[in-house]
Amino acid sequence: MSAPEPVEPLPFIDLQAQRRALGDRIEVALRQVLEHGRFVLGPEVHRLEEVLREMGGAGAAVTCANGTDALLLALMLEGLEPGEAVILPSFTFAATAEAVVLRGGVPVFADVSPDDFNMSAEQAAAALQIARERGLRAAGIIAVDLFGVPADYDALSGLAAERGLWLVADAAQSVGASRGGRPVGSLAPVTTASFYPAKPLGAYGDAGAVLVMDPDRAALLRSLRVHGEGADKYDNVHIGRNSRLDTLQAAVLLAKLETFANELAARDRIAARYSEHLAGVVTVPRVPGDATSSWAQYTVRLPDGADRDRVRESLRARGVPSAVYYGKPLHRQTAYEQFPAAEAPGAEHLAAHVLSLPMHGYLEEAQQDRVIAALRAELD
Ligand SMILES: *Cc1c(COP(=O)(O)O)cnc(C)c1O
């Protein structure tokens with residue numbers, strides 16, 4: 001018997017294919033920054049903020065060092081006080097809860113719906129009840145647009161208004177998506193974004209932004225990201241932090257924004273094709289009818305009883321990488337199990353069943369077919 005042919009593994013996200021598609025645009029943009037030499041908060045940063053504001057349909061966009069800092073700045077903007085509770089989904093990346101704890105707040109974990117991976121208003125209300133039972137004063141809600149699908153902000157805004165809470169959208173994964181015809185950036189009063197390289201819109205390093213609907217709130221954010229500076233740089237009027245954006249990253253993002261709409265359309269086509277061919281074997285992701293996704297991840301749910309490790313091993317043997325986002329809900333993680341949590345059957349179910357497949361705007365049909373065939377070979 002001959003040895004199996006070695007297979008060239010597919011990349012999970014192909015940043016080099018994107019770079020080839022962009023030609024020399026990024027190199028040209030970087031060279032311009034090297035020439036003008038304004039490496040921090042330079043002209044490209046201001047141009048990027050204008051593009052992000054417009055794309056998000058927001059009143060203002062203020063960039064910062066990364067998506068975690070964007071959350072921290074949003075919490076500083078909202079004036080979160082030590083000991084106050086913040087409702088957020090348990091099925092998210094740790095940064096959502098981490099920012100709350102770093103500001104002295106208490107994360108109270110809510111469940112999510114297996115259907116769209118997001119926290120509903122009912123689930124947020126159940127977590128508010130837990131906060132009340134613990135004697136905590138709830139200050140706000142952070143909704144997360146998991147895997148690129150915006151949460152139901154109409155319902156969440158209603159709940160926040162009724163309870164006198166602020167509402168922040170953690171849109172680290174959903175930049176470029178929309179709901180009810182409105183772009184991410186205009187769905188909540190405050191929206192945070194990440195431009196980490198693996199996000200739908202990624203820099204060549206860390207970058208983030210806070211978008212606010214009320215343009216008058218931008219001045220405080222601009223101060224907070226530079227140590228709370230006042231009108232005079234050395235007269236500090238707030239306790240801030242250092243969270244300025246590098247001009248080089250803004251230049252990369254501006255270049256990538258030129259093809260971002262095309263990439264989003266390609267991701268949408270690829271997701272539709274995956275779903276068409278995988279619907280019988282796994283539970284494919286569902287995007288609510290009034291929403292578009294930025295497809296930060298294409299995440300399926302394996303059937304009950306499927307051995308996920310075995311499935312992943314079999315995909316790997318066929319050169320198909322996969323990822324598990326997330327294998328443990330936050331309320332089960334060592335650092336976060338001390339905080340209050342609502343019952344979370346949805347999050348538990350997802351943690352045990354999810355599998356994310358290769359997804360990026362340059363995934364060719366032949367590569368998609370390899371992913372589809374590999375999964376079907378194991379599960380059909
Ligand atoms: C990536 C991510 C963040 C943090 O963004 P960084 O830029 O990596 O700091 C926050 N929340 C969610 C949901 C994320 O996926």
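Computed from a predicted structure; not experimentally measured. Numbering of ligands and ligand atoms starts at 1, following listing order.
Residue contact check: T92 has heavy atoms under 4.0 Å from atoms 13 (C) of ligand 1. Applying the 4.0 Å criterion to heavy atoms of T96 picks out, from ligand 1, the atoms 11 (N). Listed by atom number, the atoms of ligand 1 under 4.0 Å from A95 heavy atoms are 3 (C), 4 (C), 10 (C). Here is the list of ligand 1 atoms found below 4.0 Å of a heavy atom in S194: 5 (O), 6 (P), 7 (O). Short contacts between ligand 1 and F93, defined as distances under 4.0 Å to a heavy atom of the residue, involve ligand atoms 2 (C), 3 (C), 12 (C), 14 (C), 15 (O). Counting the atoms of ligand 1 from 1 in the order shown, those under 4.0 Å from a heavy atom of V144 are 13 (C).
For ligand 1, the polar-atom distance check finds no N/O of Y326 at less than 3.5 Å from any of the ligand's N/O atoms. Any N or O atom pair closer than 3.5 Å counts here, and G67 shares at least one such pair with ligand 1. Checked by distance only, ligand 1 and K199 come closer than 3.5 Å through their nitrogen or oxygen atoms. For ligand 1, the polar-atom distance check finds an N/O of T68 within less than 3.5 Å of one of the ligand's N/O atoms. For a threshold of 3.5 Å applied to N or O pairs, the pair formed by Q173 and ligand 1 contains at least one separation below that value.
Cluster membership for L257 and I26, using ILVMFWY side-chain heavy atoms within less than 4.5 angstrom, is not shared.
There is a side-chain donor-acceptor pair under 3.5 Å between Y153 and D145. Between the side chains of E263 and Q18, a donor-acceptor pair is found at a separation under 3.5 Å. Counting only N and O atoms by type, the side chains of Y336 and E98 include no donor and acceptor under 3.5 Å apart. Side-chain contact, H238 with E229: no donor N or O sits under 3.5 Å from an acceptor N or O.
If you check which protein heavy atom lies closest to atom 12 (C) of ligand 1, you get A172 CB, 3.4 Å. The closest protein non-hydrogen atom to atom 13 (C) of ligand 1 is D170 OD2, 3.5 Å.
Here S113 contributes atom OG and M119 contributes atom CE; the two are 10.0 Å apart, rounded to the nearest 0.5 Å.
Between T192 and V168 the shortest side-chain heavy-atom distance falls below 4.5 Å. With a 4.5 Å cut-off on side-chain heavy atoms, M55 and V175 count as touching.
The distance between the ring centers of F91 and Y326 falls below 6.0 angstrom.
For T192, no heavy-atom contact with ligand 1 is shorter than 4.0 Å. In N66, the parts holding a heavy atom less than 4.0 Å from any atom of ligand 1 are both the side chain and the backbone.
Considering W295, Y325, Y298, F117 in turn, F117 is the only one that fulfils the ring pair (Phe, Tyr, Trp, His ring centres under 6.0 Å) rule with F147.
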